[in-house]
Amino acid sequence: MDMLDIDSESETYTDTSDSEDQEDTESAYRRHAQSILSSLDESIGKIDDFLAFERSYVHGDIVCSIADPSGQLGRVMDVDMIVDLETISGELIKDMNSKKLLRVRSFAPGDYVVHGSWLGRVERVVDLVTILFDDGAQCEILMKDTEILTPLSPDIFEDTPYPNYPGQRVRFNVPTISKSARWLCGSWKVSRDEGTVYHVEVGSVHVKWIASVMNAWGIHSSTPPHYQDPTNLTLLSCFACANWQLGDCCKLPVDYFHDTQMTTEKSAPLNAAPNNLTKMQKELGVNGQDFKQMYVIAKTKSKVDVLWQNGEHSFGIDPQTLFPVNNLGDHDFWPEQFVLEKITSEDVHVPGIQRLGIVKNVDAHERTVNVKWIAPEVKQAVDFRCASSVEMVSAYELVENPDMSFCIGDIVFRHIPCFDYMENNLEVHSFGQRQRHNLPEQALNSTLAGADALQKKHIGETHEEYFQGYLSCIGNVIGYKDEGIQVRWASGIISKKGDAKYEILKTEELQLDLEDLDPVSLKRPVEEAKQSEQPTFLPGNDIPGNFKQFDIVDDYSDHHFLNGIGSGFVSSQGTRGWLKKIQKEWSILKQDLPDSIYVRVYEERMDLLRASIVGAPGTPYHDGLFFFDIFFPPDYPHEPPLVHYRSGGLRLNPNLYESGKVCLSLLKTWMGTGTEVWNPESSTILQVLLSIQALVLNEKPYFNEAGYDKQMGRAEGEKNSITYNENAYILSCKSMLYLLQKPPKHFEALLEEHFTRRSHHILVACKAYFDGAQVGHAYKCGKVADEGHKHCSHGFKIMLAKLYPKLVAAFMERGIDCSQFLDKVDQYPGTN
């Protein structure tokens with residue numbers, strides 16, 4: 001652009017000429033700025049095209065639509081990838097299907113490999129390099145030490161994991177090293193210290209062995225040597241064509257240039273002879289075709305196929321329209337997934353037989369699942385195929401079948417067969433961890449590859465058959481189809497659905513009468529409660545009752561720490577300082593307990609305490625009672641108290657485990673800083689109880705899980721939070737039923753008083769949830785229902801409808817008048 005000259009004497013011009021000059025100047029600057037911006041846009045476009053960042057997915061990834069991030073989820077089932085390749089000289093091969101690409105090395109660190117009956121992971125690869133000398137001599141050398149050769153040619157690609165490549169000029173650092181090499185042509189001479197890399201392949205592989213297939217006689221073979229000849233290894237790989245990334249090095253098949261018309265940005269031949277070939281090498285007939293060229297991936301473009309929760313398939317989706325989902329909810333299910341009815345051993349109202357089913361489709365918004373029931377869980381193998389049925393159930397009453405829990409890409413084992421009986425036991429290796437699974441035969445091929453041939457000849461008779469037989473026993477899960485699990489074995493065979501029966505096991509702990517399965521029986525407790533002669537208690541208002549907030553009692557026989565860590569500490573009752581501190585704790589509790597916390601201490605066991613916390617309004621725990629057994633250790637307050645949650649076998653909060661563990665930084669059961677951790681000088685047991693009430697039993701407990709707080713305000717996190725709240729309220733209602741059946745000692749009167757006062761509120765809240773209120777907002781039904789999907793799901797209503805008559809019956813059995821709610825028992829879905 002020419003520089004603009006502005007006359008310094010312009011002040012002598014007339015006003016008109018000044019104005020015209022100013023306009024010309026501004027116009028020139030505008031043109032100059034437009035030219036700069038145009039060039040900048042063009043440059044940015046080229047940079048964007050070069051970088052071409054694309055969100056990539058692999059098989060099994062969970063995704064959602066960017067257009068509806070809070071909607072249903074999908075699972076990536078297939079990936080079609082197109083790449084652009086760059087040659088050493090900067091030429092491009094465009095739009096290459098990734099399925100045609102070859103690995104530069106047959107093995108790489110991190111690969112899983114099979115050797116006989118063993119599965120291992122590659123830890124190190126040693127290259128076998130063929131050197132072509134100037135006089136035509138050739139030798140092979142195993143590169144156990146990378147310092148053996150010094151490259152004389154520049155690196156063809158930056159940051160490549162391959163130090164040597166065909167066409168590279170190299171020098172031996174110590175000429176005598178080549179004396180121990182394997183000479184293919186010619187023999188060793190001191191003068192031969194420089195040459196050209198002719199060929200590179202894997203010469204040796206160091207493998208860390210992980211697990212072994214058990215043979216038909218229940219025996220594992222001995223562990224193979226760690227260093228292996230690559231010809232003895234079989235690569236266990238699935239979906240390799242979808243795992244290429246920008247910057248990866250690759251090769252093309254030999255026949256590619258004969259079958260494909262390539263497009264390049266330069267006219268130079270892509271397989272031209274390297275410039276560093278010597279005259280002698282050229283005279284010997286060495287040319288570019290003898291050097292298998294290496295390429296680097298310069299750009300990727302992919303399309304994905306997605307299986308959505310509702311059972312629909314979408315093909316050829318642009319990855320930019322999808323968003324990755326990193327944290328799944330506990331109640332997200334998928335078509336073809338194996339599930340069981342959820343039951344807990346502590347729940348007195350559960351059916352006696354746990355059914356096994358296969359998910360057909362899911363309504364993610366309403367949290368309902370259409371399940372094809374296969375059979376109840378019984379010990380012996382039974383054919384239930386004729387009894388199969390499809391039923392819509394709540395997602396909250398299902399759990400994934402742990403014996404058939406597989407992810408795409410998992411490595412599975414099956415035992416080498418005893419030909420009189422075919423076992424389909426699998427061992428699953430996911431993320432380096434080992435589990436044992438028993439798969440139904442229907443989920444796998446009923447016979448191994450080559451089983452007929454193996455029946456004729458013992459598997460150990462020949463080395464080849466021995467190895468080939470095991471290749472049909474180790475494989476990868478590649479998907480789900482026709483109500484079965486698809487596995488690609490190391491032999492290349494893909495298992496398909498067989499005609500074998502399911503082997504179904506019975507859960508002995510849940511031997512209840514089959515009558516419990518009859519929906520009519522669910523109403524029987526209500527009818528029996530109506531005819532009960534127990535005295536009737538009329539529910540009152542929220543006026544505090546007669547149950548004391550704090551009291552000293554004697555019987556501690558059902559305390560969790562009675563025979564645990566507290567045993568042996570009864571006689572001494574601690575030092576004088578310890579006694580003084582406990583008495584101070586008692587005094588604080590007696591004076592400062594809020595209306596929603598109740599405490600009982602024990603005169604003969606000052607080291608024990610029991611507390612009950614009432615769930616706060618606005619949370620999924622509203623109107624519930626939650627009990628905690630507490631122990632003061634001998635070195636209290638230098639160490640925090642031990643707290644056990646009386647769970648009844650229910651996990652209704654991320655911080656409260658079924659085992660009774662309470663995860664809280666104040667108790668040193670979780671990390672924390674500052675005032676979050678126990679301070680011997682200032683922390684008290686009241687602070688612990690208030691922390692549990694406010695920080696644990698809060699409005700959005702889903703975000704209590706470690707790391708989930710980062711999801712607050714995001715569609716994925718808020719969706720999971722709503723689902724968690726619904727399930728937490730269901731479990732809270734089950735906890736009420738459990739406590740009414742087994743009230744903790746010294747709190748029987750509290751349960752009677754609390755539910756006498758709050759039973760109507762609980763049942764009214766249930767009605768509000770049936771009418772559409774979101775959990776925790778039972779008294780804001782109209783306001784919440786208008787906010788799009790912010791209403792409780794149909795799956796939640798199904799579960800609540802099953803609990804509602806049990807709550808009415810349980811309250812009436814305690815003499816609480818709930819007659820006004822009896823006519824509503826038949827109104828809600830799931831109660832008939």
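- Although no hydrogens or angles enter the test, the distance criterion places no donor-acceptor pair under 3.5 Å between the side chain of Ser732 and the main chain of Ala728.
- For the residue pair Asn653 / Tyr645, no side-chain donor-acceptor distance below 3.5 Å is found, with atom types taken as modelled.
- Residues Tyr621 and Pro701 are in side-chain contact: their nearest non-hydrogen atoms beyond the backbone lie under 4.5 Å apart.
- Between the side chain of Asp623 and the backbone N or O of Arg758 there is no donor-acceptor pair closer than 3.5 Å.
- Atoms CD1 and NE2, from Ile762 and His754 in turn, are 5.0 Å apart once rounded to the nearest 0.5 Å.
- The shortest non-hydrogen separation linking Asn725 to Val775 is O-CG1, 3.7 Å.
- A heavy-atom distance below 4.5 Å is found between the side chains of Leu690 and Gln693.
- Geometric assessment of Arg651 against the ring of Tyr657 yields a positive cation-pi assignment under the 6.0 Å and 45° thresholds.
- Taken from CG in Leu807 to SG in Cys733, the straight-line distance is 5.0 Å, to the nearest 0.5 Å.
- In this structure, the side chain of Ser735 does not engage the main chain of Leu731 through any donor-acceptor pair within 3.5 Å.
- No side-chain heavy atom of Thr723 sits under 4.5 Å from any side-chain heavy atom of Tyr702.
- Glu397 places no side-chain N or O within 3.5 Å of a backbone atom of Lys342 that could act as its donor or acceptor partner.
- With Asn704 contributing its side chain and Leu695 its backbone, the two residues share a donor-acceptor pair below 3.5 Å.
- A 4.5 Å side-chain heavy-atom check between Asn401 and Val339 finds every atom pair outside the cut-off.
- Enclosure of atom NZ in Lys581 by more than 12 non-hydrogen atoms of other residues, nucleotides or ligands within 6.0 angstrom is indicated.
- A tilted orientation is assigned to the rings of Tyr636 and Trp678, their planes being inclined by 30° to 60°.
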For this session: For ring pair (Phe, Tyr, Trp, His ring centres under 6.0 Å), just list the numbers for Tyr598 and Phe747, CA-CA rounded to whole Å, side-chain angles, deciding distance to a tenth of an Å, and then say yes or no.
Result: CA-CA 9 Å; Tyr598 301 84; Phe747 287 85; 7.7 Å; no
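- For Lys580, the NZ atom sits in a loose shell: 12 or fewer heavy atoms of surrounding residues, nucleotides or ligands are nearer than 6.0 Å.
- Listed for the Asp363 side chain is a donor-acceptor partner under 3.5 Å among the backbone atoms of Glu366.
- Both cation-pi conditions hold for Arg600 and Phe547: the charged atom is under 6.0 angstrom from the six-membered ring centre and inside a 45 degree cone around its axis.
- Within the 4.5 Å cutoff, side-chain heavy atoms of Trp334 are placed close to those of Leu328.
- Taking CD of Glu813 as the reference point, atom NZ of Lys806 lies at 12.5 Å (rounded to 0.5 Å).
- Side-chain N or O atoms of Glu639 include none that pairs as donor or acceptor with a backbone N or O of Pro633 at under 3.5 Å.
- Side-chain atoms of Met392 and Ile798, non-hydrogen and from C-beta on, do get closer than 4.5 Å to each other.
- Remark: Asp555 engages Lys745 in a salt bridge, criterion side-chain N to carboxylate O under 4.0 Å.
- Note on ring orientation: taking the six-membered ring where Trp is involved, the planes of Tyr729 and His622 are parallel (angle under 30°, cut-offs 30° and 60°).
- No donor-acceptor pair under 3.5 Å is formed between the side chain of Arg814 and the backbone N or O of Leu751.
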For this session: Mind running ring pair (Phe, Tyr, Trp, His ring centres under 6.0 Å) on Tyr556 and His746 for me, showing each step along the way?
Result: CA-CA 9 Å; Tyr556 47 82; His746 306 297; 9.3 Å; no
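- Residues Asp558 and Arg610 form a side-chain contact, since some pair of their non-hydrogen atoms from C-beta on lies under 4.5 Å apart.
- You'll find the side chain of Ile722 reaches within 4.5 Å of the side chain of Glu726, heavy atoms only.
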